[in-house]
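What follows is a short report on a single structure.
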Amino acid sequence: QVQLVESGGGLVQAGGSLRLSCAASGRTFSTYAMAWFRQAPGKEREFVAAISRSGGSSYYADSVKGRFTISRDNAKNTVYLQMNSLKAEDTAVYYCAASPKNSLTNYYRSYDYWGQGTQVTVSS
């Protein structure tokens, strides 16, 4: 089992940047594929990005490709989401999630563990 805690959210102007972090408990972090999802008010949870156990592979939603970068540091049990060129439509609660499967997927039910979320607000 793994517990996830996100941080790094906040208020930023359009065009700005933020870096989200997700710290995982336990000694098995490197056995989980990790992902970021987001949910805006009144909308369904949306896949953002995923990264393999080793960090060698990643996968992005079209809406963030070229602007966001997912990375991980297995020595620090942490996954990151660097968000650049932020837009108002990126405003949402961002969640990190962990999956014991190493296949990268945008399907939220493939992820067994979730953090509590961190709010990102982009002002236009």
Side-chain angles (χ1 to χ4, degrees):
Q1 190 169 356
V2 62
Q3 293 182 324
L4 306 171
V5 178
E6 301 96 336
S7 61
L11 174 64
V12 63
Q13 288 188 335
S17 299
L18 278 176
R19 188 175 83 152
L20 305 183
S21 300
C22 173
S25 65
R27 293 173 289 182
T28 60
F29 178 71
S30 61
T31 66
Y32 291 91
M34 300 297 295
W36 288 93
F37 287 76
R38 65 187 182 187
Q39 188 166 18
K43 294 189 176 181
E44 294 185 351
R45 191 165 297 193
E46 174 190 21
F47 170 78
V48 175
I51 190 166
S52 62
R53 292 168 177 168
S54 68
S57 299
S58 57
Y59 170 41
Y60 295 91
D62 288 343
S63 58
V64 306
K65 202 173 294 182
R67 299 189 298 123
F68 290 11
T69 302
I70 189 171
S71 62
R72 67 189 295 163
D73 185 337
N74 286 344
K76 295 183 178 179
N77 283 11
T78 302
V79 61
Y80 305 97
L81 185 69
Q82 178 66 45
M83 306 186 294
N84 298 329
S85 303
L86 283 161
K87 306 175 182 179
E89 51 263 43
D90 294 319
T91 295
V93 177
Y94 283 71
Y95 300 89
C96 70
S99 170
K101 305 180 182 71
N102 201 32
S103 57
L104 300 181
T105 176
N106 61 3
Y107 185 45
Y108 74 95
R109 289 191 185 274
S110 294
Y111 296 88
D112 295 340
Y113 303 102
W114 294 82
Q116 81 291 347
T118 186
Q119 176 71 47
V120 171
T121 303
V122 183
S123 62
S124 56

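Keep in mind that what you see is a predicted model, and the values were worked out from it rather than measured. One-based numbering along the sequence shown.
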Quiz item: Any sub-3.5 Å donor-acceptor pair from Glu46's side-chain atoms to Arg38's backbone N or O?
Solution: no
Self-check item: Ionic contact status for Asp62 with Lys65, cut-off 4.0 Å
Solution: yes
Self-check item: Main-chain N/O of Gly55 paired to Arg72 side chain as donor or acceptor, under 3.5 Å
Solution: no
Quiz prompt | Spatial distance of atom CG (Asp73) from atom CZ (Phe29) [nearest 0.5 Å] | solution = 8.0 Å
Self-check item: Approximate separation, where rounding is to 0.5 Å, of Lys43 NZ and Thr91 OG1
Solution: 10.0 Å
Quiz item: If you round to the nearest 0.5 Å, how far is OG1 of Thr78 from CG of Leu20?
Solution: 12.5 Å
Quiz item: Got more than 12 heavy atoms from elsewhere within 6.0 Å of CD, Gln3?
Solution: no
Quiz item: Atom OH of Tyr111 and atom CG of Leu4: how far apart are they, to the nearest 0.5 Å?
Solution: 12.0 Å
Quiz item: Are Val79 and Phe68 co-members of a hydrophobic cluster defined by side-chain heavy atoms under 4.5 Å apart?
Solution: yes
Quiz item: Are the side chain of Ser30 and the backbone N or O of Asn74 linked by a donor-acceptor pair below 3.5 Å?
Solution: no
In a table with atom names and distances, give each donor-acceptor pair under 3.5 Å that connects a side chain of residues 101-108 to protein atoms at least two apart or in another chain.
{"unit_1": "Asn102", "atom_1": "OD1", "unit_2": "Arg53", "atom_2": "N", "d": "3.0"}
{"unit_1": "Thr105", "atom_1": "OG1", "unit_2": "Tyr107", "atom_2": "N", "d": "3.0"}
{"unit_1": "Asn106", "atom_1": "ND2", "unit_2": "Tyr59", "atom_2": "OH", "d": "3.4"}

Quiz prompt | Donor-acceptor contact below 3.5 Å, side chain Tyr80 vs main chain Thr69 | solution = no
Quiz item: Do Trp36 and Val122 belong to the same hydrophobic cluster, where Ile, Leu, Val, Met, Phe, Trp and Tyr are linked whenever their side-chain heavy atoms lie under 4.5 Å apart, directly or via other members?
Solution: yes
Exercise. Could you walk me through whether Met83 and Asp90 pass side chain to side chain contact (heavy atoms under 4.5 Å, CB included), step by step?
Key: CA-CA 9 Å; Met83 306 186 294; Asp90 294 319; over 6 Å; no
Quiz prompt | Check: Gln116 side chain, Val5 main-chain N or O, donor-acceptor pair, under 3.5 Å | solution = no
